[in-house]
Amino acid sequence: PYHQKVQREAAAQKAYLSRGLSRLGVQVFPGGANFLVARIGPGAEAAAEGLRKAGILVKDVSRRPRLEGCLRVTVGKKRDNERFLNAVNGFLPPQAVLFDMDGVLVDVRESCRRTMQAVAERFLERPVPMKALDEYKQRPGMNNDWDCVEAFLRAEGIRTSRAAVVRLFQEIYFGENGKGLISREAWVPAKDMLARLAGRYKLGIVTGRPRAEALYTLEKFGASGFFSVLIGMEDTGRKPKPDPHGVRLAMKKLGARRAVYIGDIPDDMRAARGAGALPVAVLPDGGPDRESSEKKLRRAGAKKIIADVTHIE
């Protein structure tokens, strides 16, 4: 009876460990022994070392034939298995890398930002410093440029319809056949870098731009082939960032349980954190307000801050 009890407990904990790894998106190979072989992925060796430093020993078998990216994990007691699952989640490589578009994939300082400034100046009939609009952009719920300009104007005592703000914004930004300020945009990441990332991870975009505009931009720069999913303004409906709906939707469409989301404002970080993705922020070096911006990004959940998206590798 004692041996049977031990066997039942071991089988139950093995099943528990297997289910836990599967929920994390880890492939588990079946077997009859008191251990599991789990395919962690390209970061298996680093995960094994990180777990060792955390006091959890697993066997790295990732260099053996047909076991690339695998660890051998001995089944323990429930508390040991729980500790392992909690720890390994922090070392698992992402299955998908998701990008915001404005300020991450595309340099919009001379397009979207200038358009916001031009719209504000047109309504206020006076110069508006870019710094004032940048400060508004850092506030919660200001991911959408139309919303940001409208809120800024409202704070300045201007009462106008949203439709009027959007109409003027699009007139200046997109113009006739894309000849507005959108023509000043520059693509940031090198194509060979995106090709390398696409060879290892599923890539996607979650942007506040209208879908047609996002597609126009991708086609213009010849970059549409790198991304398997595009979530635009219409896809999020009444749940734009900082709501995590768009990031969750992209992960679902890609079949990814683990993802990195790269954005440039606090709302991006909040959306990533809410969706269970790793929030990474792009914040250029230099600038008088960098320290303040970094604090806001970290408070919103940024786990890593990079100078530009080319550093993501």
Treat each ILVMFWY residue as a node, draw an edge where side-chain heavy atoms are under 4.5 Å apart, and state whether [X] and [Y] are in one component.
| X | Y | result |
| --- | --- | --- |
| Val280 | Val97 | yes |
| Tyr201 | Leu98 | no |
| Val28 | Phe35 | no |
| Val61 | Val26 | no |
| Tyr261 | Leu230 | no |

[X] vs [Y] side-chain heavy atoms within contact, under 4.5 Å:
| X | Y | result |
| --- | --- | --- |
| Ser228 | Leu254 | yes |
| Asn143 | Ile265 | yes |
| Leu153 | Leu124 | yes |
| Phe84 | Asn86 | no |
| Tyr216 | Ile182 | yes |
| Lys220 | Trp187 | no |
| Asp100 | Leu105 | no |
| Met233 | Glu213 | no |

Check this for me: does any side-chain nitrogen of one of [X] and [Y] sit under 4.0 Å from a carboxylate oxygen of the other?
| X | Y | result |
| --- | --- | --- |
| Asp243 | Arg270 | no |
| Glu313 | Arg196 | yes |
| Glu150 | Arg162 | yes |
| Glu185 | Arg209 | yes |
| Glu82 | Lys77 | no |
| Arg167 | Glu171 | no |
| Arg113 | Asp102 | no |

For a quick test of reading the model, state the closest non-hydrogen atom pair linking [X] to [Y] and the distance between them.
| X | Y | answer |
| --- | --- | --- |
| Pro244 | Ala275 | CB-N, 3.5 Å |
| Val104 | Pro189 | O-CD, 4.4 Å |
| Ile262 | Val260 | CG1-CG1, 3.9 Å |
| Gly103 | Val282 | O-CG1, 3.9 Å |
| Met269 | Pro279 | SD-CB, 3.7 Å |
| Asn144 | Gly208 | ND2-O, 4.3 Å |

Return the [atom1] to [atom2] distance between [X] and [Y], rounded to the nearest 0.5 Å.
| X | Y | atom1 | atom2 | value |
| --- | --- | --- | --- | --- |
| Phe99 | Phe226 | CZ | CZ | 10.5 Å |
| Asp145 | Thr115 | CG | OG1 | 8.5 Å |
| Arg211 | Ile205 | CZ | CD1 | 10.0 Å |
| His311 | Met193 | NE2 | CE | 10.0 Å |
| Ile231 | Lys241 | CD1 | NZ | 11.0 Å |
| Asp60 | Glu45 | CG | CD | 5.5 Å |

Under 3.5 Å donor-acceptor, [X] side chain and [Y] backbone:
| X | Y | value |
| --- | --- | --- |
| Arg248 | Gly274 | yes |
| Gln117 | Val128 | yes |
| Gln95 | Gly25 | yes |
| Ser183 | Gly180 | yes |

The test is side chain to side chain donor-acceptor pair (under 3.5 Å); show your working for Lys131 and Tyr136 and say whether it passes. CA-CA 9 Å; Lys131 182 179 178 180; Tyr136 252 77; over 6 Å; no
Distance under 6.0 Å and angle within 45° of ring axis: Lys78 vs Tyr16: yes
Apply side chain to side chain contact (heavy atoms under 4.5 Å, CB included) to residues Leu283 and Arg290 and explain how you reach the verdict. CA-CA 8 Å; Leu283 181 62; Arg290 193 184 194 285; 3.7 Å; yes
Take Lys252 and Arg257, measure what side chain to side chain contact (heavy atoms under 4.5 Å, CB included) needs, and give me the verdict at the end. CA-CA 8 Å; Lys252 182 178 180 180; Arg257 291 183 174 89; over 6 Å; no
Go through Glu68 and Ser62 one step at a time and tell me if the side chain to side chain donor-acceptor pair (under 3.5 Å) criterion holds. CA-CA 4 Å; Glu68 294 83 1; Ser62 61; over 6 Å; no
With distance as the sole criterion, is a donor-acceptor pair present between the side chains of Glu9 and Gln4 under 3.5 Å? no
Would you mind listing every side-chain hydrogen bond (donor to acceptor under 3.5 Å, both in side chains) that reaches into residues 18-39, with sequence neighbours excluded?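 Every pair satisfying side-chain hydrogen bond (donor to acceptor under 3.5 Å, both in side chains) with a residue in residues 18-39: there are none.
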Do other residues, nucleotides or ligands put more than 12 heavy atoms under 6.0 Å from [X] [atom1]?
| X | atom1 | answer |
| --- | --- | --- |
| Glu176 | CD | no |
| Lys191 | NZ | yes |
| Lys296 | NZ | yes |

Would Arg122 and Leu168 count as a side chain to side chain contact (heavy atoms under 4.5 Å, CB included) here? Give the steps. CA-CA 9 Å; Arg122 188 81 65 88; Leu168 180 58; 3.5 Å; yes
Under the side chain to side chain contact (heavy atoms under 4.5 Å, CB included) rule, what do Val106 and Val188 come out as? Steps first, then yes or no, please. CA-CA 6 Å; Val106 180; Val188 178; 5.7 Å; no
Gln138, Arg139, Met142 screened by side chain to side chain contact (heavy atoms under 4.5 Å, CB included) with Cys148, the one that passes: Met142
